[in-house]
Amino acid sequence: FTRRGGSQKVVFTPARAEQFTSGSLNYTIYRAETGVSDDVVFHLHGRNLDPSIWNDDTYFTSQVQAYWQRSSIKPPTVVVVSYGPVWLLTPKNSTAESGLLDDFVARLPEIESKVGKPPRHRILLGESMGGLNVLISGLSRPEQFSKIASLCPGVYLDSPFADYSTLRAAVKRTGADPKIIFGVTQLAKRYVSNDEEWNEVSPISLIERADQNYPELYLSCGLYDSYGNFEGTEALANVAIKRGVKTAWHPLYGGHCAIDVASLADFLASN
């Protein structure tokens with residue numbers, strides 16, 4: 001009786017799914033059984049997930065679908081894109097694994113041809129690693145997207161190339177797990193090789209050039225995020241607001257990937 005029984009599952013009607021491969025990109029197109037709007041959400045998943053995650057009945061994505069199904073909202077088409085379990089969208093630079101940002105943007109017309117027609121609005125959604133990826137994509141190519149929903153993104157005030165004392169101070173200041181921060185910095189160094197290249201993709205640097213014509217932002221993060229993301233995400237929201245970007249900042253009392261499903265679902269489906 002005292003043994004844990006399993007996971008709490010969401011009651012919802014899964015969306016119809018179609019799977020595709022284009023080069024190194026795998027993606028799945030999801031359409032609600034009751035019909036979809038003319039908008040498309042591009043979901044860039046978190047670390048160690050895959051394009052099947054949208055219909056996972058133990059994940060927040062099924063809660064979003066259940067919320068839409070309980071209301072009169074006509075949901076968007078959702079495209080979950082993936083370059084594998086772990087990846088960062090960076091422009092081509094001196095590292096061998098860079099260039100996925102250019103590849104993703106170049107494949108958008110092909111993906112949308114599978115959807116059926118160009119979307120009225122292109123929306124980005126991502127959590128954790130995906131939260132960073134949607135910020136890099138949307139803030140680097142603001143003309144391509146209407147909205148960005150970034151949940152517990154890997155946003156930091158300090159560079160992964162900062163010295164040990166600086167990173168140690170950040171760990172203490174944010175309450176991050178030191179092992180996680182070590183892993184995050186090593187991941188970043190696979191896709192950027194110096195501070196100059198890091199500043200080309202750092203959301204804090206990218207938002208500094210934003211104006212009111214940039215995509216609308218939805219940002220959320222838990223106060224006790226073990227990745228230490230709260231500090232950076234809050235700073236990003238503050239700068240975005242000062243720069244005139246329409247921004248909804250949702251600071252949450254919780255850990256990594258604590259998500260306010262109702263406000264997120266409304267953001268993704270509103271015109």
Side-chain angles (χ1 to χ4, degrees), residues 37-46 54 59-68 70-79 119-157 174 202-225 227-271:
S37 70
D38 293 330
D39 295 342
V40 174
V41 170
F42 290 89
H43 180 199
L44 281 54
H45 64 73
W54 187 255
Y59 203 52
F60 83 92
T61 49
S62 60
Q63 289 186 289
V64 169
Q65 292 187 73
Y67 179 90
W68 287 337
R70 289 192 302 268
S71 69
S72 59
I73 294 172
K74 180 175 280 191
T77 297
V78 175
V79 182
R120 178 180 53 176
H121 299 116
R122 236 185 232 150
I123 302 165
L124 289 168
L125 164 67
E127 73 282 8
S128 193
M129 177 189 77
L132 175 58
N133 278 329
V134 297
L135 289 172
I136 295 172
S137 305
L139 298 180
S140 296
R141 311 292 174 90
E143 71 285 352
Q144 298 275 359
F145 305 98
S146 300
K147 292 181 178 182
I148 305 168
S150 180
L151 320 173
C152 53
V155 179
Y156 298 95
L157 299 184
T174 63
S202 167
I204 297 292
S205 299
L206 291 172
I207 201 66
E208 291 286 357
R209 65 191 188 202
D211 58 34
Q212 65 271 19
N213 297 314
Y214 268 52
E216 182 179 350
L217 291 178
Y218 177 104
L219 300 170
S220 72
C221 195
L223 181 65
Y224 298 107
D225 189 304
Y227 285 71
N229 294 150
F230 187 89
E231 177 187 63
T233 308
E234 183 174 52
L236 177 70
N238 290 336
V239 175
I241 292 167
K242 289 179 181 178
R243 298 288 301 178
V245 178
K246 187 175 182 181
T247 303
W249 164 225
H250 294 266
L252 303 174
Y253 189 75
H256 188 60
C257 280
I259 295 168
D260 179 13
V261 169
S263 64
L264 173 64
D266 285 337
F267 178 83
L268 295 174
S270 63
N271 294 328

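Only this structure's heavy atoms are used, side chains among them; waters, hydrogens and symmetry mates stay out.
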Shortest non-hydrogen contact between P153 and N229, atoms and distance | O-CG, 3.0 Å

Is it true that a side-chain atom of R243 and a backbone atom of A210 form a donor plus acceptor pair closer than 3.5 Å?
-> yes

How far apart are the C-alpha atoms of L44 and V134, what are their side-chain angles, what is the distance that settles it, and do they pass the side-chain contact (heavy atoms from CB on, under 4.5 Å) test?
-> CA-CA 7 Å; L44 281 54; V134 297; 3.9 Å; yes

Y59 and E127: side-chain donor and acceptor closer than 3.5 Å?
-> yes

Is K147 reaching over with its side chain to a backbone N or O of S270, donor-acceptor style, under 3.5 angstrom?
-> yes

State which residues pass side-chain contact (heavy atoms from CB on, under 4.5 Å) with T247; sequence neighbours excluded, sorted by chain then number.
-> L217, L219, A237, A240, I241, V245

Would you kindly say whether D260 and S263 are connected by a side-chain donor-acceptor distance under 3.5 Å?
-> yes

Nearest heavy-atom pair of Y156 and G228: which atoms, and what distance?
-> CE2-O, 3.8 Å

Pair F267 and W249, ring centroids less than 6.0 Å apart | no

side-chain contact (heavy atoms from CB on, under 4.5 Å) evaluation trace for K246 with Q212 | CA-CA 7 Å; K246 187 175 182 181; Q212 65 271 19; over 6 Å; no

Shortest non-hydrogen contact between D225 and C152, atoms and distance = OD2-CB, 3.6 Å

Note: A262 and Y67 closest approach over all heavy atoms is CB-CE1, 3.6 Å

Rounded to the nearest 0.5 Å, how far does OG of S128 lie from OH of Y227?
-> 5.0 Å

Any luck finding a side-chain donor-acceptor pair between T61 and H43 under 3.5 Å?
-> no

Inter-residue atom distance I259.CD1 - L264.CG, 0.5 Å rounding | 7.0 Å

Flag the pair P203 / L132 as yes when at least one side-chain heavy-atom distance between them is below 4.5 Å, and no otherwise.
-> yes

Rounded to the nearest 0.5 Å, what separation is found between the CD atom of E216 and the NE2 atom of H121?
-> 10.0 Å

Without swapping roles, check the side chain of W54 against the backbone of V78 for a donor-acceptor pair under 3.5 Å.
-> no

Separation between CG (L151) and NE2 (H256), nearest 0.5 Å, reads 10.0 Å

Would you sort out whether S137 and L124 count as a side-chain contact (heavy atoms from CB on, under 4.5 Å), showing the intermediate values?
-> CA-CA 8 Å; S137 305; L124 289 168; 4.0 Å; yes

Any chance you could lay out the side-chain contact (heavy atoms from CB on, under 4.5 Å) test for L125 and I148, step after step, and finish with the verdict?
-> CA-CA 6 Å; L125 164 67; I148 305 168; over 6 Å; no

Check: Y224 ring centroid to Y253 ring centroid under 6.0 Å | yes

Distance (rounded to the nearest 0.5 Å) between Y214 OH and F145 CZ = 13.0 Å

Does any non-hydrogen side-chain atom of P251 lie less than 4.5 Å from one of F230?
-> yes

What are the two closest non-hydrogen atoms of V64 and A265, and how far apart are they?
-> CG1-CB, 4.1 Å

For a side chain to side chain contact (heavy atoms under 4.5 Å, CB included) with I207, tell me which candidate from L236, L135, N238 qualifies.
-> L236

Less than 4.5 Å apart, any side-chain heavy atom of L268 and any of I123?
-> yes

Measure the spacing between CG of D39 and OG of S146 and express it to the nearest 0.5 Å.
-> 7.5 Å

Between L252 and A258 the two heavy atoms that sit nearest each other are CD1-O, 2.9 Å

